Amino acid sequence: MEGWDGFSLTCRQWQERMKETGQPAFRGRQIFGWLHGGKVSSYQQMSNLPKDLRERLEEEIPLHPMEVSLVQSSAKDGTRKYLMRLWDGEHIETVFMRYHYGASLCISSQVGCRMGCRFCASTLSGRIRDLTPGEMAQQIYLAERDTGETISHVVVMGCGEPFDNYEALCAFLELIHDPAGHHMSLRNITVSTCGLTERIQDFAKLDLGVTLAVSLHAPNDEIRKELMPIARKVPMDRLLQACREYTEITRRRITFEYALAQGVNDSPDHARELAGRLRGMLCHVNLIPVNPVTERDLSPSKDGRVQAFLRILEAHHIPVTLRRELGRDIDAACGQLRRRAKEQEEKDGSGSEM
Ligand code: SAH
């Protein structure tokens with residue numbers, strides 16, 4: 001919690017802070033309401049707060065507001081990809097998508113990532129730092145302000161490994177679920193992990209109603225180890241066991257993410273092996289042809305290969321979908337926008353403007 005900003009304090013923490021400073025009982029909730037109503041980014045804008053309190057708060061509990069530094073929008077489907085600038089000059093990516101059930105936001109949980117997955121651009125320079133709960137929440141508020149739409153669904157699937165920033169993730173969930181703030185339903189939230197089993201077990205015990213997505217990407221340990229360093233520590237059997245426990249406790253269907261890379265994990269045999277491992281699980285497989293990343297050596301599977309893979313899973317009664325590819329015309333794989341901004345900055349030897 002060390003160093004968390006004003007956006008990261010829960011309603012209860014705000015109430016306690018305000019009580020300690022001799023403020024009236026309603027004050028903490030009032031400030032929390034301002035912050036998580038999503039329309040302000042400074043204490044100065046909180047017009048019903050005494051001026052001296054605003055000044056004091058500015059000194060004592062910095063808000064560390066973020067700003068949108070770049071938007072790429074898709075002319076085809078309204079997808080908007082944001083590069084957001086944090087108070088210390090770091091950047092993260094956030095993606096706004098429109099679905100038939102509402103507006104969904106893909107948010108980041110860390111600046112960079114230390115999981116080292118071979119196909120992923122976010123991890124190329126390692127993890128720079130964790131995001132605070134407030135920085136996770138602010139991504140929602142900035143996207144809502146930019147689009148004028150209410151975001152009903154959140155997927156924690158941007159840069160970073162959310163279970164590598166577990167305490168902040170749980171605090172973020174509390175913040176956005178709070179009726180005094182955004183009051184988002186936890187059932188509309190998906191958290192995606194590369195498979196930190198102990199955290200999956202801890203998270204299951206909380207039984208929040210959140211959907212868990214697990215990045216599997218392989219039908220066996222041998223292939224998984226080639227793609228994801230985490231597989232060297234956690235065998236698939238143990239990972240799938242933790243997933244079974246998650247579904248038993250929460251009764252929530254798990255999503256398995258599977259990025260298809262040509263000649264690596266996309267053969268009919270791989271599909272059959274995968275179906276065998278997932279048999280009987282309360283799950284759903286989400287296939288996506290791998291997004292080519294300039295610095296990486298993987299290419300997306302061809303359409304025919306993808307369709308064949310899908311049909312084999314279906315024949316084995318494994319629920320499966322092909323991820324709807326939104327924002328194809330603006331698409332750079334996750335983490336690439338941030339990398340480009342960084343490269344540009346280094347070239348310019350200057351600030352954050354692109
Ligand atoms: N660390 C978490 C969440 C961030 S990654 C996780 O591993 O799940 C979000 C999802 O995008 C994961 O399923 C990840 O494996 C996938 N992904 C990353 N790079 C990709 C790429 N180049 N093509 C396809 N999927 C990718």
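In listed order, ligands and their atoms are each counted from 1. All figures in this text were calculated on a predicted structure; none of them were measured in a lab.
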[X]/[Y] ion pair, N-O < 4.0 Å:
{"X": "K302", "Y": "D266", "answer": "no"}
{"X": "R129", "Y": "E90", "answer": "no"}
{"X": "E149", "Y": "R98", "answer": "yes"}

Work out whether the distance between some heavy atom of [X] and some atom of ligand 1 is less than 4.0 Å.
{"X": "M228", "answer": "no"}
{"X": "G160", "answer": "yes"}
{"X": "M115", "answer": "no"}

About how many Å separate SG of C194 and CG of L227, when rounded to the nearest 0.5 Å?
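Taking CG in L227 and SG in C194, the distance rounds to 12.5 Å.
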Given the side-chain rings of H153 and Y101, with only the six-membered ring counted for Trp, is the space between their centroids under 6.0 Å?
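When the ring centroids of H153 and Y101 are compared, they turn out to be within the sub-6.0 Å range.
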Check for me whether the distance between the ring centres of F203 and F163 falls short of 6.0 Å.
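Aromatic pair counts; centres sit under 6.0 Å.
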Is there at least one pair of N or O atoms, one from [X] and one from ligand 1, spaced under 3.5 Å apart?
{"X": "G158", "value": "no"}
{"X": "F119", "value": "yes"}
{"X": "R323", "value": "no"}
{"X": "N291", "value": "yes"}

Whether R199 engages the ring of Y166 as a cation-pi pair (distance to the six-membered ring centre under 6.0 angstrom, angle to the ring normal within 45°) should be assessed.
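Output yes; distance and angle both within limits.
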Should the ring pair Y141 and H36 be called parallel, tilted or perpendicular, given that the plane angle runs from 0 to 90° and is split at 30 and 60?
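Y141 and H36: perpendicular rings.
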Using a 4.0 Å cutoff against the non-hydrogen atoms of [X], which atoms of ligand 1 qualify?
{"X": "C120", "answer": "18 (C), 19 (N)"}
{"X": "C194", "answer": "6 (C), 7 (O), 8 (O)"}
{"X": "E161", "answer": "1 (N), 2 (C), 6 (C), 7 (O)"}
{"X": "E257", "answer": "13 (O)"}
{"X": "V293", "answer": "22 (N)"}
{"X": "H217", "answer": "13 (O), 14 (C), 15 (O)"}
{"X": "S215", "answer": "6 (C), 7 (O), 8 (O), 12 (C), 13 (O), 14 (C), 15 (O)"}

Do V320 and I312 belong together in a cluster built from hydrophobic side chains that touch within less than 4.5 Å?
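Cluster IDs for V320 and I312 differ.
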